[in-house]
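As the structure is a prediction and not an experimental result, all values here were calculated from the model.
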Amino acid sequence: SCAKREKEEVPAGMQAANVEGDLFRLYVPTSWNLNNGTGVAGAYYTATKTSGVTARRIRSDAETLDAFYEECMAGHRATYGERLRLDATDVTTLGGEDAKVWTFTAWTEEDVNYKVLQCAAKHDGAYYLLTYAADPELYETLYADVQKMVREFRLRRMRTSRLLSCFRLM
């Protein structure tokens with residue numbers, strides 16, 4: 001039937017951190033706290049220091065992953081100006097798609113700094129962006145958790161044929 005849903009295979013020791021309607025699955029360790037009340041898939045490790053991860057689907061006119069990366073960095077430069085240092089860029093995969101990953105350090109005007117990792121992939125005409133931001137002291141400690149989140153990230157294929165067959169039944 002059309003209402004039948006696939007059984008979700010949640011990776012061992014992890015939990016889904018999604019909001020209704022997400023076309024992806026973000027899995028986070030069960031030791032993390034879910035934080036999706038803002039309407040964005042996410043979680044945090046501790047409330048006492050910055051330590052969060054979010055994932056979102058973004059519509060963009062960027063034709064390539066590199067162009068999308070430049071768009072993201074332009075936004076960060078507009079926010080942080082001289083208080084931003086790009087640390088590294090690399091390639092990986094996200095949800096089975098080719099992805100670009102980059103890390104940067106940013107300082108607020110109050111001189112609080114964060115280390116940020118962003119990983120993006122293009123899928124079905126949209127970009128999927130996973131962002132991890134943490135206090136520099138926690139960044140390395142939680143890095144293995146974040147690598148596992150990137151590894152276990154799942155993208156859903158748009159099932160238009162199944163959707164069309166459901167409409168025919170109505």
Given Lys100, which of Thr64, Thr89, Asp90, Asp66 fulfils the side chain to side chain donor-acceptor pair (under 3.5 Å) condition? Asp66
Minimal heavy-atom distance between Asp145 and Ser31, with the atoms involved, is OD2-OG, 4.5 Å
Tell me if a side-chain donor or acceptor on Arg85 pairs with a main-chain N or O of Arg83 at a distance below 3.5 Å. no
Heavy-atom nearest pair, Ala99 first then Ala121, reads CB-CB, 4.0 Å
Could you state the interatomic distance from CG (Leu26) to OH (Tyr128), rounded to the nearest 0.5 Å? 13.0 Å
Group every Ile, Leu, Val, Met, Phe, Trp and Tyr by side-chain heavy-atom contacts under 4.5 Å, then state whether Val19 and Val10 land in the same group. no
Sequence neighbours excluded, which residues qualify as salt bridge (Lys or Arg N to Asp or Glu O under 4.0 Å) partners of Arg151? none
Quick one: does Glu97's side chain get under 4.5 Å of Lys122's, heavy atoms only? no
Heavy atoms from other residues, nucleotides or ligands near CZ of Arg56 exceed 12 (cutoff 6.0 Å): no
Taking Val53 as the fixed residue, which of Leu130, Leu117, Asn35 is the one that meets the side-chain contact (heavy atoms from CB on, under 4.5 Å) rule? Leu130
If you group Ile, Leu, Val, Met, Phe, Trp and Tyr whenever their side-chain heavy atoms sit less than 4.5 Å apart, what else falls in with Leu65? Ile58, Phe68, Tyr69, Met73, Tyr80, Leu84, Leu86, Trp102, Phe104, Val112, Tyr114, Val116, Tyr127, Leu129
Would you say Glu70 has more than 12 foreign heavy atoms packed within less than 6.0 Å of its CD? yes
Are any non-hydrogen side-chain atoms of Leu23 and Leu155 less than 4.5 angstrom apart? no
For the pair Arg59 (side chain) and Gly125 (backbone), establish whether a donor and an acceptor sit closer than 3.5 Å, ignoring hydrogens and angles. yes
Please round to the nearest 0.5 Å and tell me the distance separating atom CZ of Arg156 and atom CZ of Phe24. 10.0 Å
Gap between atom CZ of Arg77 and atom OG1 of Thr79 - 0.5 Å precision: 11.0 Å
Do Val28 and Leu138 belong together in a cluster built from hydrophobic side chains that touch within less than 4.5 Å? yes
Side chain to side chain contact (heavy atoms under 4.5 Å, CB included) assessment of Lys115 paired with Asp87: CA-CA 9 Å; Lys115 191 149 167 85; Asp87 298 320; 3.2 Å; yes
Nearest 0.5 Å, what's the SG-CD distance between Cys119 and Gln147? 11.0 Å
Taking C-beta and beyond as the side chain, do Asn18 and Arg25 meet within less than 4.5 Å on heavy atoms? yes
Applying the side-chain contact (heavy atoms from CB on, under 4.5 Å) test to Pro29, which of Gln15, Met149, Lys148 qualifies? Met149
Look at the side-chain heavy atoms of Ile, Leu, Val, Met, Phe, Trp and Tyr, link any pair under 4.5 Å apart, and say whether Tyr44 and Leu142 land in one connected group. no
When rounded to the nearest 0.5 angstrom, what distance separates CD in Glu71 from NE2 in His76? 11.0 Å
If every non-hydrogen atom of Ser60 is compared with every non-hydrogen atom of Ala62, which pair is closest and at what distance? OG-N, 2.9 Å
Let me confirm one number: the CG-CG distance from Asp135 to Asn113, rounded to the nearest 0.5 Å. 7.5 Å
Trp32, Val40: one ILVMFWY side-chain cluster at the under-4.5 Å cut-off? no
Looking at the rings of Tyr139 and Tyr132, which for Trp means the six-membered one, are their centres under 6.0 Å apart? yes
